[in-house]
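So the structure is just underneath, and the comments pick up after that.
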Amino acid sequence: MSIVSWVVAVLLFLGVFFFAIGAIGILRFPDFYSRLHAAGKCDALASTLALVAIALFNVRDFDWTLFQSWDNLRVSLKILLIILFVYVATPAATHAITKAAFIVGIEPWEKRKRNR
Amino acid sequence: MARIVTFFIMLVFWVLISGMFDAFHLGVGVICCLLVAIFSHDLLFYGHPDLLWVRDIFKVLAYFPWLFYQIVLSSLEITYIVLHPRMLEIIDPRLVRFRTRLRNTMARVTLAQSITLTPGTITVNMSGNEFTVYALTQKAAEGLPGEMETRIARALERE
Amino acid sequence: MTMDTVFLLASLGLLVSTALALIRVVGGPTVLDRIVGVNVVGAQTTVLLVLIGFLFGNISMFVDIAIAYAMLNFILAIGVTKFFLRRKSARGGSEET
């Protein structure tokens, strides 16, 4: 395996790791709002890592004389476009859900209530 | 002028997505991009009829690496909290309100999105210049708005 | 170990975390909890689709599907949130308005 393959594998498994952290986070956190923390942030970073790894692997042996290589570059740019979209969309969706929960009136979990 | 720039951005986007280079597909792409550029060029350059944004775009690009660094930090912090066996003793959620001094709409939206993406805080509500932020730990609550507002002001506010 | 094995292992890991997120979707106390769970599942599925594209050797087609899925995921979150905002109740799903 070449150096690029090692980099790709490490990035990919880091992405999968952060996805797993996000999934465990939304299972373990005590209330709704803190679950959103785990969901929103870990997903953004994990998507970035995994998709960058895939985009890098797609252009691993780039040869500027071949049309196929340029097509691969186009597909990689499309994958980077997904990352851009995730960065715009994830906070917006998180914000919408949080605002809905706030208006509907879900109570935040607080430390003081538990200790009383 | 804004129409022409919109047209070329849309055309690059079309070629990127489509990947077909024969006459028919390129022709359909040109027609669609023309329609979009004529009817809704003011969506892309909202509030900027002039082309001053070209100068600003480098400042915006300089903001992104710092944002990504903050996202990595936030994910590591969330990882630490999630995997901690006594998680309930670490976290101390609270609601924080503060006023921002950003006036630009775009800058405010960027601030809201960035707050959501960075350590331990999510934006709950934004009305006028008042933000309601839900912070996961006390340390995160104290760090608001802090350095991020300064950086966004440098990147997106025009004097 | 070839790259195909790496992609297969990563896909399996993603599937396991998708199953973990599905627990929250099935057992979430409020509807909004379920929406968060579905959002996480959607983000994982986006990456999973691209990985499947590599495994099938047809990446350019699956990237299109992944883009469409990411957009659908976003629109789903916004739409369902707006719907429940109008209903003004997030408890359970059985009561009728």
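Residue numbering restarts at 1 for every chain, and letters A, B, ... go by the order of the sequence lines. We use all heavy atoms of the structure for the numbers below, so side chains are in, but hydrogens, waters and symmetry mates are not. A quick note: this is a predicted structure, and the numbers were derived from the prediction, not measured.
- Both the backbone and the side chain of A/Ile26 have a heavy atom closer than 4.5 Å to some heavy atom of chain C.
- Proximity to chain A (any heavy atom under 4.5 Å) is restricted, for C/Thr46, to the side chain, taken from C-beta onward.
- In this structure a side-chain-to-backbone donor-acceptor pair under 3.5 Å is missing from A/Thr90 to A/Tyr87.
- For a residue to count as touching a neighbouring chain, one of its non-hydrogen atoms must lie under 4.5 Å from one of that chain's; by this rule A/Asp71 does not touch chain C.
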Report task. Go through the steps for A/Phe19 and C/Leu14 under the test side-chain contact (heavy atoms from CB on, under 4.5 Å), then give the verdict. Result -> CA-CA 7 Å; A/Phe19 267 131; C/Leu14 267 180; 3.4 Å; yes
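- Between the side chain of A/Asn72 and the backbone N or O of A/Val59 there is no donor-acceptor pair closer than 3.5 Å.
- Note on C/Val41, C/Asp64, C/Leu22: by heavy-atom pairs under 4.5 Å with chain A, the leading option is C/Asp64.
- Here the side chains of A/Ile24 and A/Leu27 are not in contact, with every heavy-atom distance at 4.5 Å or above.
- Residue A/Ile82 touches chain C through its side chain alone, counting heavy-atom pairs closer than 4.5 Å.
- Each of A/Ile79, A/Leu11, A/Leu12 was compared with A/Val52 under the side chain to side chain contact (heavy atoms under 4.5 Å, CB included) criterion, and only A/Leu11 meets it.
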